[in-house]
Amino acid sequence: MKIHEYQAKEIFREVGIPVPREKVASSAKEAMAIAQGLGLPVVIKAQVLVGGRGKAGGVKKVERLEDVEVIAGEILGMSIKGLKVRKVLVSECADIEKEFYLGFIVDRANQCPVLMASAAGGIEIEQVAKETPKKILKVQIDPGAGLLGFQARNIGMELLGNIKQALAFTGIAQKLYRVFLEQDCSLIEINPLVRLNDGSLLALDAKVNFDDNGLFRHRDNEGLRDVDSEEPKEVEAKQAGLSYIKLEGNVGCVVNGAGLAMATMDLIKRYGGEPANFLDVGGSSSPEKMKTAMSIILSDPNVKAILVNIFGGITRCDDIANGLLQVAKEIDIKVPVIARLTGTHSGKALEILAGTRVLPVKTMAGGVKKAVELAGGEK
Amino acid sequence: MSIFIDRNTRVIVQGITGRDGSFHARAMREYGTQVVGGVTPGKGGEEVDGIPVFNSVEQAVKETHANSSIIFVPARFATDALFEAIAAELELVVCIAEGIPTLDMVRVLDYAKGKKTRVLGPNCPGGISPGKAKLGIMPAASFKQGCVGVVSRSGTLTYEIASHTAEFGQSTVIGIGGDPVIGTNFIDCLEMFEQDPETKAIVMVGEIGGTDEERAAEFVKERVKKPVLGFIAGQTAPPGKRMGHAGAIISGGSGTAEGKVKALEAAGIEVVYEPEEVAEKLKEKLTDL
């Protein structure tokens with residue numbers, strides 16, 4: 001789960017990581033009042049949950065008070081990568097001497113947290129990692145011992161070149177790591193972490209992603225969720241215990257298991273079609289879950305055929321079939337539905353579906369071929 | 001032979017009094033697995049279908065001489081269950097639970113370092129050595145004893161792929177799990193399959209996210225002589241989206257299916273693009289021998 005910069009900065013402020021004087025606004029008028037309080041110039045930053053807002057024109061420095069309202073209004077009306085800007089952060093202008101990067105993630109391969117830092121701050125760290133990986137300094141953290149003072153100091157010395165600044169860096173790194181652990185983050189970063197002309201350090205931007213699996217321990221963090229930034233159908237699916245991602249194609253699919261769902265999408269593409277979605281109904285699927293799954297897919301007007309691909313284990317094929325039957329009673333399904341049901345209670349499922357408009361197929365490949373064909377083949 | 005699991009595996013089921021725990025305890029026992037006990041703190045002394053329930057893993061091990069466990073408790077209790085199984089020095093602990101925080105798994109695996117327990121999972125279907133025993137949730141009817149070793153990050157996709165190895169059957173099928181931080185990885189399984197005399201060919205089923213497949217490819221190139229087939233799911237997955245599994249995400253351009261396929265092919269692993277192709281390719285590989 002991602003949160004906005006202004007929310008992340010709120011957490012930073014609480015733990016004592018230095019951040020600029022700034023406030024969030026939902027209207028141009030509010031932005032104006034904040035700028036007046038801070039003094040000019042100010043920076044107005046779009047609050048959206050995607051990267052690249054600077055390039056999209058979502059970050060502007062404003063010199064004159066009379067321009068604040070207009071520019072804040074412009075940014076508030078923008079859409080960045082499909083996401084509407086609903087809030088802006090109005091921030092004091094810092095005297096930046098140099099930009100750095102500091103962040104923590106879990107290193108999957110080494111199975112430990114890792115501190116990443118770089119003198120190439122301000123640009124996306126993935127880009128730095130790809131083009132000039134040597135510019136990223138990494139320190140693996142022993143999960144038992146935690147981030148050790150000397151580890152952070154050494155990195156600080158290497159980046160900043162003097163011990164006073166290295167000590168300030170260490171303080172920030174340790175606080176940031178504490179948040180990373182305590183809040184079950186999957187990623188936490190300050191990009192850029194800036195050195196001002198007076199040598200002090202400031203977190204100019206902030207990114208905090210929570211591990212979805214850790215949210216049960218942090219009910220408060222759920223309140224930080226920006227539901228407006230999420231695809232409504234994906235939210236609806238999640239609430240029903242389904243995992244759904246909308247795609248651009250016309251072959252809808254309902255599958256049990258994430259791996260099989262991906263493989264089904266891949267096969268649709270391989271046979272000349274385009275998948276309309278990823279959908280994992282999960283294990284032990286009840287008829288209700290199936291109903292929600294089908295109605296979500298049917299609400300996508302691009303969908304021209306639906307393939308149900310179930311390898312029954314815990315999931316019972318008769319439950320899936322009953323779900324299909326119920327949907328057919330309640331919704332007038334105008335597109336062909338192809339069902340490949342194998343495994344637990346598949347015989348029963350076929351009996352349930354006999355005489356309905358659902359087309360049974362024996363294999364995954366056969367089902368995919370049929371679905372692509374009925375959806376009209378290549379787009 | 002087989003790997004990790006056989007007729008001598010003595011299992012306790014952590015969370016046996018729950019719905020999933022009791023259901024699968026029964027299913028595993030019906031398959032022939034020695035399910036010798038269960039653990040649910042607070043329900044010690046009870047029985048589930050004649051299987052004795054204990055309050056702690058330590059006590060269960062003492063009474064039943066179990067050497068393995070399988071965890072069915074919900075994610076929020078699974079971390080503790082894992083620590084308990086590792087502390088009791090079981091040889092193998094299979095964690096089915098989905099939804100364990102990544103940082104918890106980091107701590108669990110750090111705790112397991114230098115101890116004798118092998119952790120399989122979490123968020124995995126477990127393992128099965130057909131005809132011998134199963135320590136997992138897979139539908140037994142989809143497997144048959146034979147000579148193909150299967151290792152996979154997925155659940156149902158594993159069953160699908162394994163069904164296309166039916167002509168030769170399977171020595172052991174292992175689902176290592178879909179989370180970013182897991183206990184047993186591809187390399188551990190590949191190494192065991194390479195040593196296992198019953199295994200004649202290996203199928204590895206990967207998916208987007210992380211670099212496990214890439215590292216496994218390196219390992220195959222250097223250390224595996226048996227034929228290996230590869231399958232990678234998620235060719236059509238959009239970047240930045242978590243595809244069901246917590247670990248199945250392309251981030252910052254890394255972890256793509258394309259990159260993994262390249263790595264596998266560079267290591268001499270034959271990559272198949274459709275589950276059905278597995279059958280024909282295995283035939284080629286195994287009749288060549």
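Throughout, a chain's letter reflects where its sequence line sits, starting with A, and its residues are numbered from 1. As the structure is a computational prediction, the values presented were derived from the model and not from experiment.
Chain A forms more heavy-atom pairs under 4.5 Å with one residue of B:Ile208, B:Thr102, B:Leu109, B:Asn185 than with any other, namely B:Thr102. Counting heavy-atom pairs closer than 4.5 Å to chain A, the top residue among B:Thr211, B:Asp212, B:Asp104 is B:Asp104. Contacts with chain A were tallied for B:Glu207, B:Glu160, B:His245; B:Glu160 has the most, counting heavy-atom pairs under 4.5 Å. Contact count against chain B (heavy-atom pairs under 4.5 Å) is highest for A:Arg217 among A:Arg217, A:Lys269, A:Gln127. Chain B forms the most heavy-atom pairs under 4.5 Å with one residue out of A:Gln111, A:Arg108, A:Met364, A:Glu126, and that residue is A:Arg108.
With a threshold of 4.5 angstrom between heavy atoms, B:Ile161 does not approach chain A through any atom at all. Contact of A:Arg270 with chain B is made through the side chain alone, with heavy-atom distances under 4.5 Å. In this structure, no portion of B:Thr158 lies under 4.5 Å from any heavy atom of chain A. Proximity to chain A (any heavy atom under 4.5 Å) is restricted, for B:Ala246, to the side chain, taken from C-beta onward. Residue contact with chain B, scored on non-hydrogen atoms closer than 4.5 Å, is absent for A:Tyr244. For B:Ile100, the part lying near chain A is the backbone, with the side chain staying farther off; criterion is any non-hydrogen pair under 4.5 Å. Contact annotation for B:Glu277: only side-chain heavy atoms (C-beta onward) come within less than 4.5 Å of a heavy atom of chain A. Proximity to chain A (any heavy atom under 4.5 Å) is shown, for B:Pro125, by neither the backbone nor the side chain. Contacts between A:Asp211 and chain B at a heavy-atom distance below 4.5 Å involve the side chain alone, from C-beta outward. Within the 4.5 angstrom heavy-atom criterion, atoms from both the backbone and the side chain of B:Gln235 approach chain A. If you measure heavy-atom distances from A:Leu247 to chain B, the contacts under 4.5 Å come from the side chain alone. Using a 4.5 Å cut-off between heavy atoms, B:Ser142 contacts chain A through its side chain alone, with no backbone atom that close.
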Dump the intermediate steps for side chain to side chain contact (heavy atoms under 4.5 Å, CB included) on A:Leu181 and B:Arg107, then the final yes or no.
CA-CA 11 Å; A:Leu181 286 190; B:Arg107 286 181 202 108; 4.2 Å; yes

B:Met243/A:Met265 under side chain to side chain contact (heavy atoms under 4.5 Å, CB included): CA gap, chis, key distance, verdict:
CA-CA 11 Å; B:Met243 305 301 283; A:Met265 285 160 46; 3.8 Å; yes

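When all heavy atoms of A:Cys112 and B:Val106 are compared, the closest pair comes out as CA-CG1, 4.1 Å. Counting all heavy atoms, side chain and backbone alike, B:Pro139 lies closest to A:Gly312 at CG-O, 3.5 Å. The two residues B:Leu103 and A:Cys185 have their closest heavy-atom pair at CD1-O, 4.0 Å. Residues A:Gly259 and B:Ser154 share a closest heavy-atom pair of CA-OG, 3.5 Å. Taking both residues in full, the closest heavy atoms of B:Gly244 and A:Ser243 are given as CA-OG, 3.5 Å, listed atom of the first, atom of the second, then distance. Listed here is the closest heavy atom pair of A:Asn213 and B:Gly99: CB-O, 3.3 Å.
In this structure a side-chain-to-backbone donor-acceptor pair under 3.5 Å is present from B:Thr156 to A:Asn256.
Around the CZ atom of A:Phe216, the shell of radius 6.0 Å holds more than 12 heavy atoms that belong to other residues, nucleotides or ligands. Environment of NZ in B:Lys262: sparse, with no more than 12 heavy atoms of neighbouring residues, nucleotides or ligands closer than 6.0 Å. Environment of CD in B:Glu98: sparse, with no more than 12 heavy atoms of neighbouring residues, nucleotides or ligands closer than 6.0 Å.
Classification of B:Lys241 and A:Glu231 as a salt-bridged pair fails, no side-chain N sitting under 4.0 Å from a carboxylate O.
With a 4.5 Å cut-off on side-chain heavy atoms, B:Glu276 and A:Leu267 do not count as touching. Looking at A:Asp212 and B:Arg242, their side chains come closer than 4.5 Å, going by heavy atoms from C-beta outward. By the 4.5 Å heavy-atom criterion applied to side chains, A:Leu260 and B:Tyr159 are not counted as neighbours. Taking the side chain as every heavy atom from C-beta outward, B:Tyr111 and A:Pro143 never approach each other to under 4.5 Å. The closest side-chain heavy-atom distance from A:Asp142 to B:Asp110 is below 4.5 Å.
Of the inter-residue distances, the one linking A:Ile105 atom CD1 with B:Ser251 atom OG reads 8.0 Å to the nearest 0.5 angstrom.
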